[in-house]
Amino acid sequence: MSVSRTSHLKRLEAESIHIIREVAAEFRNPVMLYSIGKDSSVMLHLAMKAFYPSRPPFPLMHVDTTWKFREMIKFRDDTVKRLGLDLIVHTNQEGKAQNINPFDHGSAYYTHVMKTEALKEALTLHGFDAAFGGARRDEEKSRAKERVFSFRNANHVWDPKNQRPELWNIYNARIAKGESIRVFPLSNWTELDIWQYIMSEEIPIVPLYYAAERPVVERDGMLIMVDDDRMELRPDEKPEMRLVRFRTLGCYPLTGAIESPADDLAGIVKEMLIARTSERQGRLIDHDDSASMEKKKREGYF
Amino acid sequence: MMDTPNTSSNDEALELTGEAFEEYLQRQENKSLLRILTCGSVDDGKSTLIGRLLYDTKLIFEDQLAALERDSKRHGTVGEDIDFALLVDGLEAEREQGITIDVAYRFFTTDRRKFIVADTPGHEQYTRNMATGASNSDVAVLLVDARNGIATQTRRHAFIVSLLGIRHVVLAVNKIDLVNFDEAVFKKICKDFRAFADSFDFDSIVEIPISARFGDNVMTRSERTPWYTGSALLDHLESVEVENDLAASPFRMFVQWVNRPNLDFRGFSGTIASGRIRPGDEVVAALSGRKSRVKRLVTMDGDLIEAGPGDAITVELEDEIDISRGEMLAGADARPDVSDQFAAHLIWMSDAPLYPGRPYLIKQGTRTVTATITDIKHKIDVNNFDHLAAKTLDLNEIAFANLSLSEPIAFDPYEVNRDTGSFVLIDRLTNATVAAGLVWFGLRRATNIHWQALDLDKSARGIHKGQKPTILWFTGLSGSGKSTIANMVEKRLHAMGRHTYVLDGDNVRHGLNRDLGFTDADRVENIRRVAEVAKLFVDAGEIVLVSFISPFRSERRMARDIVEEGEFIEVYVDTPIEVCRERDPKGLYKKADEGKIKNFTGIDSPYEPPETAELHLDTTKADPAELAEVIIAELKARGVLL
């Protein structure tokens, strides 16, 4: 038995739990988008807390582009088994049949088909009216202005000029038929909060976040891990073992590793404190233009 | 060109190793959280100040800085220097127009506190966004341009800040560099501010001369303002005490979710709004009045011996009492108000005006019911705080009003408890959040007037007449044929021995509603009264035929909602306006076209056709007698005629 704390992490935790419970209570058919990364791990942990001793009254869903790191998929399957949760895995079958991949089709088109379109397709297919996502406002400029409850019309489009005001902790959850919302319970968390929380709550995360010797090539200024033999090497590329880890996880051909000796959480946090580049720099898709994330979001990207 | 970022204490942490570093992290984890609102007039430098805070606390990374330098050249307004405002003005439209149009949330951390900053727009038309940012903030930083002094916006924002219950204000007199760091200018602005702000009852007002662009008195005291002896802005924000007395207040928790994993456990999940609670404490379900004691405070980390404000918990009670979402658990010895009528301040947030009498949804805590504004007592001119008479309320206007709800709610006055005294109003058709509300006090009338429960009910009265009491609601343009058809239906029913009554727009306007005109507000009230009269007829067992243009969906919806399911049949008399104009039985279209009648439906006032009327009659395809038979057939099919 313990007395409750009032630290900033405790306040963030309580706020997120409040949001998750509101959605479960007010929506007909919610789903939690589970991307296997550290933010998803925290979000899932908060959902477990929100409904304890019950299980979360909604399934998890992973949009699998088929290009995720193998370790991520293993971690995903272990996690749902350990927690006894329902998991829906969705892949854009048309894209898969056409072999849409990041090498031949470019990161923008590939992301659009295998992530954005796949997500919309899955939400429509299952008739989900609310989808939790692990995005944080500190990640990127256009995210800083997004609401906790982000409304999408029947075509999953976001209109930044027509957002509902969110006052106090009252969330207007009413939608018309066909409309849906994306919910971001981690809106007010920063990257540092996430790591500190993982550390204090001992939340399991994918081992790729910790430094290890991994086969990488340098490509377009980034260190790309050769995770399987589908990656075609360019003539001048030769995989070499380097001590690297990942600050964010996504599709392996699009996710840059950083050279680092940090093999535990304290080491990761310490690196965070000296970090001079923001975490999204490790993602190829954000580089196009400083307003590109807003464009993607309007189209329905998470 | 640029200063080296101030070295924050992070550097010192990096020297630590092993246990010392773990200890350092432990301290970081337990620091407090402060939520700040920044506001002020356009171009007073809010975004620049936040950019400066992020930059000086090392929250800007190299790649963001590179993007910022690029953007500064493209959109910047400060020549070759870095334009910090570009760092926080996120949305494309804002970057192009150079203004902030929405609330942006920013985060920075020092060794002592984590900060969440709500950066809110200064333009008048975005008052709603400012109120949104203020609703969750502990401290407001009001920026004033030293060159311009107190602006209308400053007064407006100070008022909203005080209305939303922020107790601590910083008056940041910015661009002090542009007035040569002149103490007299600073003093004058402080005096002007106190002249009106003292009446707002803030717990603290701290004035600081700053230059957001150059950093004077932001992180550290500036040598360029030797006459200023107070704290630098960040020092103040790190140390300001905002502890409220919520922990000492009576216990309040809205039930969000009933936690029922199996038959052996029934818990009530929610976030504590105020007070502390321990197992054994007596609590009451405020709406039902049923009491019990706390058995356990359940969390995944183990049972708690005590929980307090802000904690998200699950409460298990000693007794099996029926509690659902929307109920409030409260300390049994200090209960909240429970009423279906109260007075409140409203901040109107919708482009569509507020009309008294129109039904909205109210969400307060976790409870959603129907509400109407019965009376706007006055609206408030936020520039000089005068009270003005008002019949409606437009976007960004603030009013003091009485509300009447379909069911009681449990609440406290907003000034006592932000969480239990706040609510939002939601439009029932568009689902938009149209107003923020702050409860002032409960109106006790509701607890004294109870409906007399009568033994003889409407169904008994109806059976006596061989019918199920029903409203036939005819809607359509002027001249569409509503009254003609309604009269035919009534004659047919009369011949069949049924009991009927017709309420006709013109007839009612000559008597009951003769005080009403044709503005949108009066039309809403017109329909409300007619709907209430129709409801009384239904209660009397009658079939009542209402023949009203009733142009707005929401009022027809209201009429439908005040009677029971199945008692309301909407009949859309669909006649194209060209046909109506040609018929023009009362010569009204002619007058409207000549401009002699204002607000004429279909001409300069809108008609919203029904989307889901029970009957849709096309008068261009059949004559009135045939259409009357369609209605009679429908009444038979629905079992209205026994």
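Proteins get letters first, then strands, A, B, ... in listed order; numbering begins at 1 in each. Only heavy atoms go into these numbers, but all of them, side chains included; no hydrogens, no water, no symmetry mates.
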J.: Please classify the contact of B/Tyr105 with chain A as side chain, backbone, both or neither, using a heavy-atom distance under 4.5 Å.
T.: both

J.: Report the residues that fulfil side chain to side chain donor-acceptor pair (under 3.5 Å) with B/Ser137, sequence neighbours left out, ordered by chain and then residue number.
T.: none

J.: Side-chain contact test, heavy atoms from C-beta onward, threshold under 4.5 Å: evaluate it for B/Asn136 versus A/Glu166 and give yes or no.
T.: no

J.: Using non-hydrogen atoms only, which part of B/Arg260 is less than 4.5 Å away from chain A: side chain, backbone, both, or neither?
T.: backbone

J.: Would you mind telling me which of B/Ile313, B/Thr430, B/Thr314 has the largest number of heavy-atom pairs within less than 4.5 Å of chain A?
T.: B/Ile313

J.: Please classify the contact of B/Leu361 with chain A as side chain, backbone, both or neither, using a heavy-atom distance under 4.5 Å.
T.: side chain

J.: So, for B/Asn431 and A/Ala176, which heavy atoms are closest and what is the spacing to 0.1 Å?
T.: ND2-N, 3.5 Å

J.: Picking from B/Ser422, B/Gly365, B/Ala432, which has the most non-hydrogen pairs under 4.5 angstrom with chain A?
T.: B/Ser422

J.: So which residue, A/Met199, A/Arg55, A/Gln196, ends up with the most heavy-atom pairs under 4.5 Å with chain B?
T.: A/Gln196

J.: What is the distance from atom CD1 of A/Ile170 to atom OG1 of B/Thr368, rounded to the nearest 0.5 Å?
T.: 9.5 Å

J.: Heavy-atom cut-off 4.5 Å, strictly under: side chain, backbone, both or neither for B/Val424 against chain A?
T.: both

J.: At a 4.5 Å cut-off on heavy atoms, which part of B/Lys114 comes close to chain A: side chain, backbone, both, or neither?
T.: side chain

J.: Return the CD to OG1 distance between A/Glu13 and B/Thr299, rounded to the nearest 0.5 Å.
T.: 8.5 Å

J.: Using non-hydrogen atoms and a 4.5 Å limit, figure out which bit of B/Leu164 sits close to chain A: side chain, backbone, both or neither.
T.: side chain

J.: With a 4.5 angstrom heavy-atom cut-off, could you sort out which part of A/Leu12 is near chain B: side chain, backbone, both or neither?
T.: side chain

J.: Can you tell me how far apart OG (A/Ser54) and CG (B/Asn262) are? Round to the nearest 0.5 Å.
T.: 7.5 Å

J.: Report the residues that fulfil side chain to side chain donor-acceptor pair (under 3.5 Å) with B/Asp419, sequence neighbours left out, ordered by chain and then residue number.
T.: none

J.: Is the backbone of A/Ala14 close enough, under 3.5 Å, to the side chain of B/Asp311 for a donor and an acceptor to pair up by distance?
T.: no

J.: Please name the pair of heavy atoms, one in B/Ser269 and one in A/Ala50, separated by the smallest distance, quoted to 0.1 Å.
T.: OG-O, 4.5 Å

J.: Could you check whether A/Glu15 pairs with B/Arg35 (Lys NZ or Arg NE/NH1/NH2 to Asp/Glu carboxylate O, under 4.0 Å)?
T.: yes

J.: Looking only at heavy atoms, which two atoms of A/Trp168 and B/Phe423 are closest? And how far apart?
T.: CZ3-O, 3.5 Å

J.: Of the non-hydrogen atoms in B/Asn259 and A/Tyr52, which two are nearest, and what is the gap between them?
T.: ND2-O, 2.9 Å

J.: Give, as side chain, backbone, both or neither, the part of A/Met48 having an atom under 4.5 angstrom from any heavy atom of chain B.
T.: both

J.: Counting only heavy atoms not in A/Arg174 (residues, nucleotides, ligands), do more than 12 fall under 6.0 Å from its CZ?
T.: no

J.: Looking only at heavy atoms, what is the nearest atom pair of A/His8 and B/Leu33, with distance?
T.: CB-CB, 3.7 Å

J.: Taking all non-hydrogen atoms of both residues into account, name the closest pair between B/Ala312 and A/Ile17 and its distance.
T.: CB-CG2, 3.7 Å

J.: For B/Thr433, which atoms come within 4.5 Å of any heavy atom of chain A: side chain, backbone, both, or neither?
T.: both

J.: What part of A/Ser187 lies closer than 4.5 angstrom to a heavy atom of chain B: side chain, backbone, both or neither?
T.: backbone

J.: Quick check for you: to the nearest 0.5 Å, what is the distance between A/His18 atom NE2 and B/Thr366 atom OG1?
T.: 8.5 Å

J.: Is it true that A/Lys49 and B/Asp301 make a salt bridge, defined as a side-chain N closer than 4.0 Å to a carboxylate O?
T.: yes

J.: Atom CD of A/Glu26 and atom CD of B/Gln256: how far apart are they, to the nearest 0.5 Å?
T.: 9.5 Å

J.: Could you state the interatomic distance from OG1 (B/Thr271) to CZ (A/Arg21), rounded to the nearest 0.5 Å?
T.: 6.0 Å

J.: Need one label for B/Leu438: side chain, backbone, both or neither, based on atoms under 4.5 Å from any heavy atom in chain A.
T.: side chain

